[in-house]
Amino acid sequence: MTMFLSDPYVEIQRRRRTGDWFVTLGCVIWLAVSGWMFFGTVPPEIVDNHTSKTMQQRMRTCEGTFQQRFECKQAFLLSGERWGFAVAVNRLMLMCAPAVTAWIVWSVLRRRMA
């Protein structure tokens, strides 16, 4: 005697698989597009280091004794590093948060389908 799965159970499984594909596809597309937009268009002042021309021009404005010039240049470099890190983390969160939220919402909805 063979046992057949009931039609509602098969329908629920089909909906879950279809939803998994749609959510996965949506998340992958979102991550690809937002990753390209957020990290493909990084402003140059964020990734500048002490050898870049714009940073060299900014550091030329530092005047005074050696100690004062050193502190002025160090302030330029540190502010750029802090700014760059904050922007990178912000862009990473904006990129990942919608995809993670979509999966959390889908997993809750998926459990309630049973």
Side-chain angles (χ1 to χ4, degrees):
M1 184 165 142
T2 60
M3 303 230 2
F4 293 99
L5 295 175
S6 63
D7 284 337
Y9 179 75
V10 173
E11 181 65 21
I12 289 171
Q13 292 303 319
R14 188 185 63 74
R15 284 185 193 168
R16 284 181 177 179
R17 280 192 308 272
T18 304
D20 287 347
W21 278 105
F22 277 121
V23 171
T24 301
L25 184 63
C27 288
V28 167
I29 290 171
W30 170 260
L31 290 172
V33 170
S34 65
W36 180 74
M37 288 177 64
F38 289 150
F39 291 106
T41 59
V42 176
E45 62 268 6
I46 292 173
V47 293
D48 279 348
N49 60 20
H50 65 282
T51 60
S52 69
K53 290 182 182 181
T54 55
M55 189 60 80
Q56 290 290 330
Q57 289 172 350
R58 284 188 210 140
M59 286 197 259
R60 283 188 195 124
T61 63
C62 296
E63 296 177 348
T65 64
F66 176 80
Q67 179 75 22
Q68 291 169 334
R69 288 193 319 267
F70 177 80
E71 289 172 359
C72 176
K73 291 177 182 182
Q74 194 69 11
F76 277 129
L77 292 172
L78 288 177
S79 69
E81 289 175 4
R82 289 185 190 119
W83 170 248
F85 178 75
V87 168
V89 168
N90 187 30
R91 287 175 180 229
L92 189 63
M93 292 301 294
L94 286 172
M95 188 177 91
C96 293
V100 171
T101 303
W103 262 108
I104 290 171
V105 169
W106 171 242
S107 65
V108 168
L109 290 173
R110 193 172 190 260
R111 275 187 250 132
R112 291 182 185 232
M113 280 186 190

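Starting from 1, each residue takes its place in the sequence as its number.
In this structure, the side chain of Trp30 does not engage the main chain of Pro98 through any donor-acceptor pair within 3.5 Å. At distances below 3.5 Å, not a single donor-acceptor pair connects side-chain atoms of Arg69 with backbone N or O atoms of Cys62. Distance alone, capped at 3.5 Å, places no donor-acceptor pair between the Thr24 side chain and the Trp21 backbone.
Connection of Ile12 to Trp106 is established within a shared hydrophobic cluster, with ILVMFWY side chains joined at heavy-atom distances below 4.5 Å, either directly or through further cluster members. Hydrophobic clustering (ILVMFWY, side-chain heavy atoms < 4.5 Å, transitive): Trp103 and Val28 are in distinct clusters. Residues Phe38 and Leu92 are members of one and the same hydrophobic cluster, defined by side-chain heavy-atom contacts under 4.5 angstrom among Ile, Leu, Val, Met, Phe, Trp and Tyr.
Scanning all heavy atoms of the two residues, the minimum distance from Gln68 to Glu63 falls at CB-O, 4.0 Å. Residue Cys27 comes nearest to Ala99 through the heavy atom pair SG-O, 3.6 Å, listed as atom of the first residue, atom of the second, then distance. Residue Met37 comes nearest to Arg91 through the heavy atom pair O-NH1, 4.3 Å, listed as atom of the first residue, atom of the second, then distance. In terms of heavy-atom proximity, Leu31 sits nearest to Met95 at CD2-O, 3.5 Å.
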Problem set entry | Criterion side-chain contact (heavy atoms from CB on, under 4.5 Å) on Arg14 and Glu11, from CA distance to verdict | CA-CA 5 Å; Arg14 188 185 63 74; Glu11 181 65 21; 2.5 Å; yes
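Annotation: the span from Ser107 atom OG to Asp20 atom CG amounts to 10.0 Å, rounded to 0.5 Å. Separation of atoms CD (Gln13) and CZ (Arg17) is listed at 6.5 Å; rounding is to 0.5 Å. Note: Arg16 CZ to Leu109 CG = 11.0 Å, rounded to the nearest 0.5 Å.
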